[in-house]
Amino acid sequence: MNSPMSDRTANGQLFTAGIDVGSSAIKTVVLRTAEDDGEKVLALRTDRIRKRDLRKVIQEAYSMALEEADVAPDSVAYAASTGEGELVDFRRGHFYGMTTHARGAVFLVPEARAVLDVGALHARAMRIDEMSRVLGYRMTSQCASGSGQFLENVARYLGVALEEVGSLSCQASTPEQVSSICAVLAETDVINMVSRGISTADILKGIHLSMVGRYLKLLRAIGAEEHVLITGGLAADEGLAQAMREQAAEAEMGLTIHTHPHSIYAGALGAALWGSFRHRVLARRAGTTEN
Amino acid sequence: MTTDLAQLVERVSHLFEDLNFQSVRDWKSEEPGRHAIGYMPIYVPRELVHAAGMLPVGILGGGDRLEIIRGDAYFQSYICHIPRSTIELALTQRLEALDGMLFPSICDVIRNLSGMWQMLFPERYVRYIDLPQNFDPAVGGTFWRQELDTLRTDLGRIAGREITDRELQHSVSVYNENRRALRQLYEARSARPWLFPTSEVYLVLRAGTVLPVEEHTAIVRRYLELAPLEDDRREQDMSRVVLVGMFCEQPPLGLLITLERAGCWIVDDDLLLGLRWMGGDVPEDGDPLQNLVIAYLEQSAQTASVYQPEGRRGTWLVDSVQRNVAEGVIFCAPSFCDPALLEQPMLVAALEREGIPHTQFKYSENTGQFAVIREQAGTFSDSIRLWSEA
Amino acid sequence: MKVFIGIDLGSTTTKAVILDGKANVVGRGITNSRSNYDVASQIARQEAFVQARFKLTRDAISADSELSGVEELFLPLLDRKFRLNHHVEELDRLAIELHNAADGPRHAAYSGSLHELLDEIVGEMRQRAGKHFGALAMRKSEFFRDLAAADYMQLAEEQSDPKGITFETLTGLFDQAILPVENSTSAAALEQLIDEAMDAALEASQVSMAKRVDRLRGAVDAARAEVLDEVATVGTGYGRQRLPFPKEHIRSEILCHGLGAHTMFPETRTVLDIGGQDTKAIQVDDNGIVTSFQRNDRCAAGCGRYLGYIADEMNLGVHELGPLAEKSTCHVKINSTCTVFAGAELRERLSLGQKREDILAGLHRAIILRAMSLLARSGGIEDQFTFTGGVARNPAAVTALHDLVDENYGERTTNISADSIYTGALGAALFAQRGHQEAA
Amino acid sequence: MSNSQTERNGDVQKERSMALQKELVGGHFDALGRAKEEGRKVVYTFVPGNLTELMRSFDLLPVLPEINALQSGMRKLSGGYISEAEKQGHSEDVCTYVKCDIGMLKKGNVGPTGKPIPEPDLLLLSYTGCCTFMKWFELLKQEYEGCPVAMLHVPYQADGQVHSHYRDYIVEQLRSEVIPKLEQVSGQAYDEDKLRSNLTLSAEAEDDLVWVLESAKNVPSPIDAYFGGVYYIGPIFGAFRGTPEGVDYYRTLRSEIEERLANKQGPITPDGELDEERYRLVIEGPPNWTSFREFWKMFYEEGAVVVASSYTKVGGLYDRGFRHDATRPLETLADYCLGCYTNLSLPARVDLLEDYVRDYSADGFMINSVKSCNSFSAGQLLMLRQLEERTGVPGGFIESDLVDPRYFSAANIKNRIESYLQMLEQKRGAAA
Ligand SMILES: Nc1ncnc2c1ncn2[C@@H]1O[C@H](COP(=O)(O)OP(=O)(O)O)[C@@H](O)[C@H]1O
Ligand SMILES: Nc1ncnc2c1ncn2[C@@H]1O[C@H](COP(=O)(O)OP(=O)(O)O)[C@@H](O)[C@H]1O
Ligand code: SF4
Ligand code: SF4
Ligand code: SF4
């Protein structure tokens with residue numbers, strides 16, 4: 001093999017990176033694919049964008065991740081972007097969100113046959129096969145109700161840090177349903193509940209339940225059966241996962257809801273994995289054309 | 001871009017962006033006594049209008065540049081967008097150049113719009129064109145002939161003279177010419193989509209809704225010559241798709257650009273069917289009206305609005321995929337478009353029987369955000385790209 | 001004196017209007033309804049009573065020819081004294097609540113240093129209180145919450161990190177503490193504050209008008225002594241179903257807005273009200289009777305909260321948005337409908353280097369465009385037009401509305417009054433007054 | 001209640017006609033349930049433009065998927081059916097009747113009364129007044145692959161007139177398409193005499209129906225012509241036009257109403273008789289079925305009585321004089337189809353409603369705009385304006401759906417109705 005890329009495949013190992021540019025955070029993954037022991041994750045990081053210059057955040061995140069992984073920038077065979085990847089100017093290729101989340105999901109939980117990706121603005125459900133092919137999907141579109149931002153807003157109105165949301169919600173005893181579905185107007189509802197003396201835990205659980213209601217609809221719409229993996233930022237919220245398990249059981253949907261500590265990196269992971277696959281395909285092609 | 005092509009594209013873009021139909025006004029003012037007749041998207045026998053010496057003008061809503069202020073007052077949020085922007089155009093005097101309006105029976109929304117037009121603009125000519133859903137020449141054909149006859153008489157009255165068979169024959173031949181040019185354009189794009197990006201082809205086509213047909217044919221032919229001369233247009237590793245669902249409300253241009261950016265070559269579509277609904281040539285000799293009648297019965301485009309007596313829905317789509325060597329189908333229908341969206345499951349079934357990949361999403365003519373659509377189309381083209389090699 | 005009360009329990013603010021028997025406005029009150037509807041309506045009505053008391057005082061002074069001109073000096077003074085006292089009283093309560101909140105288990109790690117810091121901050125806030133109510137001071141808001149929040153946030157930002165206590169911790173405490181402060185109310189305490197303010201104002205007047213101070217005191221005492229007899233109350237607004245009133249004392253806000261607008265501007269035929277959580281377009285006839293209406297709710301896009309959310313995103317107060325947007329020279333077309341998506345779009349556009357004011361102008365146009373379709377649905381603008389609701393206080397929204405009305409309906413007389421936020425409450429009060437007349 | 005024919009049944013009063021109506025509908029579903037065993041053939045068709053007399057003349061049983069859908073809605077089954085259909089790839093945006101039907105089919109085609117609905121032997125696509133009908137039966141055709149379809153295209157009355165070539169076109173289709181297929185499916189030859197005798201029965205029932213609907217011109221009205229009206233039209237729009245049972249039902253109904261009228265009684269509501277008629281309304285558009293009772297209550301609680309409605313004309317418009325005419329059997333069927341309410345042009349619909357407001361001395365009119373139905377809904381906002389202008393009576397506008405429970409927001413609708421009625425009240429106060 002003589003393709004210009006093949007030198008990066010030294011010793012049968014290949015380094016790839018996945019950069020998932022989200023609306024609220026950049027997720028970066030560095031991956032090693034070795035012929036003998038498969039794929040190994042070398043670095044994972046999340047960088048909140050806040051109100052900073054996006055290009056800079058991406059650049060920094062990437063450098064730091066490579067540093068963490070101890071990989072030199074020019075030994076990366078394929079840097080793949082996903083999400084809002086236009087600003088990743090060092091990328092070699094781009095894969096779209098569902099492609100990468102599906103791939104990442106199968107990598108994290110091989111038996112997953114459906115993915116529920118809940119990010120800051122959207123939620124989407126995908127049905128996939130064991131090869132991580134997307135068979136069908138549904139997503140929320142122009143309304144942020146039930147999105148991560150919705151939850152973030154509620155947490156802000158309640159004065160609760162995002163990281164605490166999950167554990168609080170799990171402590172709820174008598175969850176209180178919100179009536180307003182609007183991510184913004186829910187504020188009134190929430191504040192009303194606070195003043196009626198409803199505990200923060202019960203409010204959060206109520207919010208989780210109303211979100212879950214929408215997600216289950218998405219999952220039902222795609223015909224999800226068995227194993228579902230939650231990916232995206234909200235996978236970190238165990239309260240959501242718990243509410244989801246309860247509701248799914250109640251609705252007798254026969255679903256097993258999974259989360260994975262690396263769920264939030266599913267997109268970035270998928271990008272890195274596809275990068276590795278694509279690199280080999282292209283290298284093979286280059287090889288065959290030269291022969 | 002060569003200056004010639006750039007000029008051509010600028011001209012057609014300008015026509016596309018002109019919400020005041022200035023070109024139609026100009027055409028009318030060139031000679032006194034000229035008339036222009038508007039028509040809603042498809043199945044309008046433009047030959048009759050042409051034969052009456054009039055300019056048929058395709059009205060396709062207001063796109064994404066028109067702010068809807070009063071149009072919303074006439075339609076609930078769960079009705080598609082095109083009727084409200086069409087009303088907005090009319091209420092803001094942008095359709096002043098039109099002496100009449102034709103509403104073909106595409107769906108109940110357009111049908112009812114014809115009634116709204118009668119109430120809102122009682123002084124203008126309005127006609128609802130009921131297409132026969134019976135394809136027996138003796139039954140549906142007779143009915144259609146009577147409808148066309150009425151239209152012919154009405155137009156003759158507006159023009160102040162009767163439309164002769166000879167005039168009609170001439171119009172048929174002029175439109176045959178235009179249809180041939182458009183077929184060539186579609187074939188050329190299908191063969192080498194990188195030379196004829198759809199976002200550009202669309203504009204070239206769209207000019208045909210406002211320009212006299214003869215002029216439009218010339219533009220199409222010129223475009224066919226010029227586009228291949230661009231040397232920066234190269235083949236890329238993208239997926240070939242057929243795009244369907246857009247036979248009425250047209251997508252914003254940004255959507256077409258987004259699809260191409262997301263890695264999809266569009267090799268066939270149902271955009272601007274108003275210019276292309278007649279599949280082949282109409283015979284140029286013999287009784288011209290009867291020729292038009294038979295042409296409708298036998299070779300009009302299959303869309304969701306026309307009944308298909310035998311066989312399954314979607315054979316034409318499968319044909320198109322095969323003929324154009326497409327790798328997948330994107331259903332892209334206007335939100336709340338009942339005909340397109342009710343048709344979709346049947347088309348999906350047809351594709352699934354053949355194992356053709358497909359995806360679907362909705363738009364409205366004024367959609368401004370394409371992030372979600374880009375993700376969906378991108379994922380689709382990714383999957384074609386990745387899985388065809390796996 | 002017989003009085004009639006109208007209460008408009010809005011989603012964002014609660015308004016109260018007090019009328020006398022001849023339907024003259026004697027008092028208005030407004031407060032945040034964020035926390036609790038019942039409390040909010042009580043507070044609004046108490047505020048209105050405070051104002052009514054002041055109005056009586058003014059009337060009593062004007063009635064005495066020897067005191068002519070004094071009211072222009074005395075009342076502002078009285079008002080400032082009262083507000084200052086009230087503010088300080090609320091600050092005291094805020095301090096207590098802040099400390100309570102700081103005792104929560106989450107903050108155990110900070111122990112004493114957090115309390116110290118809070119004392120420092122509140123101390124400085126007390127210092128600043130005087131400034132807010134100086135003779136020439138321009139207050140950014142009439143709500144304690146907003147004034148206190150502005151001071152607190154600024155101080156918190158200055159004093160946070162150096163002491164190892166994060167800004168987020170401090171804001172969290174504030175959010176927690178402000179609720180009980182806003183939610184507690186006591187009519188008696190207010191009466192007391194009025195008394196004190198009157199005394200203080202009299203005190204202060206002594207120097208400048210030594211000779212007439214007795215007459216002044218007499219007038220003031222007379223006003224104090226007047227009994228305000230609440231004859232009837234009518235409630236309306238978004239949260240009206242929660243008012244503890246019998247059904248016949250509750251009116252649809254559409255009718256109240258129609259009647260209120262008609263009373264303020266009798267030639268009005270079309271009313272647009274953009275409140276916090278809903279937008280209404282109303283057509284009225286020459287008697288103020290509603291002939292058709294359209295409303296939008298349940299989605300923040302298109303209501304005042306849309307702007308409020310954007311203001312939060314930009315760390316601005318709602319009142320600052322309009323003036324900033326007015327600086328724009330070209331407005332950007334906003335593609336997102338949803339408030340949250342618009343917020344994201346805003347961030348994206350800012351990061352692409354577009355100007356704040358241009359984006360803001362686009363956002364204002366977007367909300368007004370939505371109102372325009374509602375107006376069109378209700379029947380358009382054929383004649384004189386009135387714009388009410390909180391958003392009518394926003395100059396950029398008003399400009400956008402003017403432009404769009406002009407473009408689409410031609411020139412129309414457009415009324416916007418400083419008091420237009422009270423339109424619904426006024427209408428309700430009028431219903432109360434009329435209902436009483438009819439019954440009598 | 002002094003009325004001898006009225007008996008208390010729990011809290012709800014039952015009139016004999018109500019029992020009869022229940023019996024008819026129940027009996028029909030029973031007959032359908034037995035159809036296959038008994039070897040009877042079944043034709044699916046639509047309410048507007050239904051050719052019941054013709055089908056019955058071949059001894060065929062009609063199935064009306066719209067009625068199944070609305071019944072499923074009333075029995076709160078529709079939500080599940082709709083989501084089933086959406087899961088199968090049907091769009092959220094489209095007519096929920098279709099989705100309800102497809103969902104029901106996918107879940108085993110158990111009818112609203114719990115009895116199975118037989119598969120069709122023929123799909124008679126009476127394409128009248130609604131484009132969705134065509135897609136609906138095309139979808140069904142995919143499910144029932146071998147089942148023949150007969151298309152009957154009814155031209156739209158775009159300019160408010162029935163042109164003779166429209167009628168000819170329909171009659172031609174009946175001859176060349178519909179009748180041959182009915183013959184083929186039933187194995188019976190077309191029997192015009194039988195058709196004629198059915199048509200005679202139709203006209204008889206139609207006379208009584210019109211009388212009943214027009215009784216609402218009285219003040220107070222003895223009936224509610226919308227909420228009550230939907231029960232009254234059940235038999236004639238369903239499967240009983242041209243049958244002796246139908247004639248019987250309408251005769252009974254008429255005599256009951258005659259009595260109510262004589263006693264100056266108001267309409268019966270689920271909570272008993274309405275004692276004070278405070279508002280007289282005309283309503284355009286179909287009702288909501290999933291919360292039908294709740295919806296109705298919002299009106300009768302306030303003393304609002306619907307005196308005329310367009311929805312009760314979807315399956316045939318009789319109060320303008322049309323009657324089935326046995327002397328010209330096929331032509332009369334053509335005229336019937338052409339005249340169904342949703343086949344009228346928008347200006348004609350406005351004219352009709354305008355007349356209703358005047359003829360029935362209505363205080364107001366209201367439009368219930370349903371998300372499902374473009375045929376009804378597109379243009380209703382203009383209708384509202386035009387009616388306000390022409391009658392000087394204020395109009396109200398509410399939005400809901402037929403059978404999709406997701407689109408019935410009780411609080412919102414109640415708020416609107418209340419505000420609207422208060423507006424009428426205030427207006428009345430000012431006039432007085
Ligand atoms: N620990 C956490 N607990 C709950 N939610 C979280 C947590 N961390 C992140 N989130 C949520 O995840 C969202 C971001 O998800 P992500 O998938 O990164 O979205 P995007 O890709 O659109 O930026 C945020 O809106 C936030 O609400
Ligand atoms: N001083 C101000 N400057 C600009 N906008 C304001 C101001 N005060 C209120 N608003 C706007 O008005 C809205 C509240 O309007 P309001 O009529 O009080 O609502 P509601 O009646 O629903 O409570 C706020 O969301 C805000 O956008
Ligand atoms: S309801 Fe709320 S979250 Fe949904 S679109 Fe409206 S503003 Fe956005
Ligand atoms: S977009 Fe669809 S629903 Fe709308 S008018 Fe066109 S065909 Fe009808
Ligand atoms: S669109 Fe309307 S008329 Fe047509 S099937 Fe649906 S509900 Fe019936």
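No experiment lies behind these values; they were computed from the predicted model shown. Letters go in sequence order (proteins before strands), and every chain restarts at 1.
- Listed for the B:Asp338 side chain is no donor-acceptor partner under 3.5 Å among the backbone atoms of D:Val94.
- Within residues 95-104 of chain D, the residues that have a heavy atom under 4.5 Å from a heavy atom of chain B are D:Cys95, D:Val98, listed by number.
- B:Asn112 places a side-chain N or O within donor-acceptor distance of the main-chain N or O of D:Ser375, the cut-off being under 3.5 Å.
- If you take OG on B:Ser105 and NE2 on D:His153, they are separated by 6.0 Å, rounding to the nearest 0.5 Å.
- With values rounded to the nearest 0.5 angstrom, D:Ser164 atom OG is found 7.0 Å from B:Gln146 atom CD.
- Annotation: the span from D:Leu384 atom CG to B:Tyr74 atom OH amounts to 11.0 Å, rounded to 0.5 Å.
- Contact annotation for B:Ser335: both backbone and side-chain heavy atoms come within less than 4.5 Å of a heavy atom of chain D.
- Remark: D:Asp93 CG to B:Lys362 NZ distance equals 3.0 Å, nearest 0.5 Å.
- By the side-chain hydrogen bond (donor to acceptor under 3.5 Å, both in side chains) test, D:Tyr44 pairs with no residue at all, sequence neighbours left out.
- Interface residue D:Leu125: only side-chain heavy atoms are found under 4.5 Å from chain B.
- For the atom pair CD (D:Gln157) and OH (B:Tyr128), the distance works out to 12.0 Å, reported to the nearest 0.5 Å.
- When each of B:Glu147, B:Gln360, B:Met346 is scored by its heavy-atom pairs under 4.5 Å with chain D, the top score falls to B:Met346.
- Judged purely by atom type and a 3.5 angstrom limit, B:Arg111 has no side-chain atom pairing as donor or acceptor with the backbone of D:Cys131.
- Taking the six-membered ring for Trp and the full ring otherwise, B:Phe143 and D:His165 have centroids separated by under 6.0 Å.
- Neither the backbone nor the side chain of D:Phe137 comes within contact range of chain B; no heavy atoms are under 4.5 Å apart.
- Residues B:Tyr78 and D:Ser369 bring a donor and an acceptor atom of their side chains to less than 3.5 Å of each other.
- With a 4.5 Å cut-off on non-hydrogen atoms, B:Asn134 touches chain D through its backbone and its side chain both.
- Contact of D:Glu145 with chain B is made through the side chain alone, with heavy-atom distances under 4.5 Å.
- For D:Val149 against B:Tyr307, the heavy-atom pair with the smallest separation is CG1-OH, 3.3 Å.
- With a 4.5 angstrom heavy-atom cutoff, D:Glu138 touches chain B via backbone and side-chain atoms both.
- For D:Arg349, the part sitting under 4.5 Å from any heavy atom of chain B is the side chain, from C-beta outward, and nothing else.
- When heavy atoms are compared at a cutoff of 4.5 Å, D:Tyr127 approaches chain B solely by way of its side chain, counted from C-beta outward.
- Contacts between D:Val171 and chain B at a heavy-atom distance below 4.5 Å are absent for every atom of the residue.
- The distance from the CZ atom of B:Arg313 to the CG atom of D:Leu139 is 9.5 Å, given to the nearest 0.5 Å.
- Looking at D:Gln173, both its backbone and its side chain come within 4.5 Å of chain B, counting heavy atoms on both sides.
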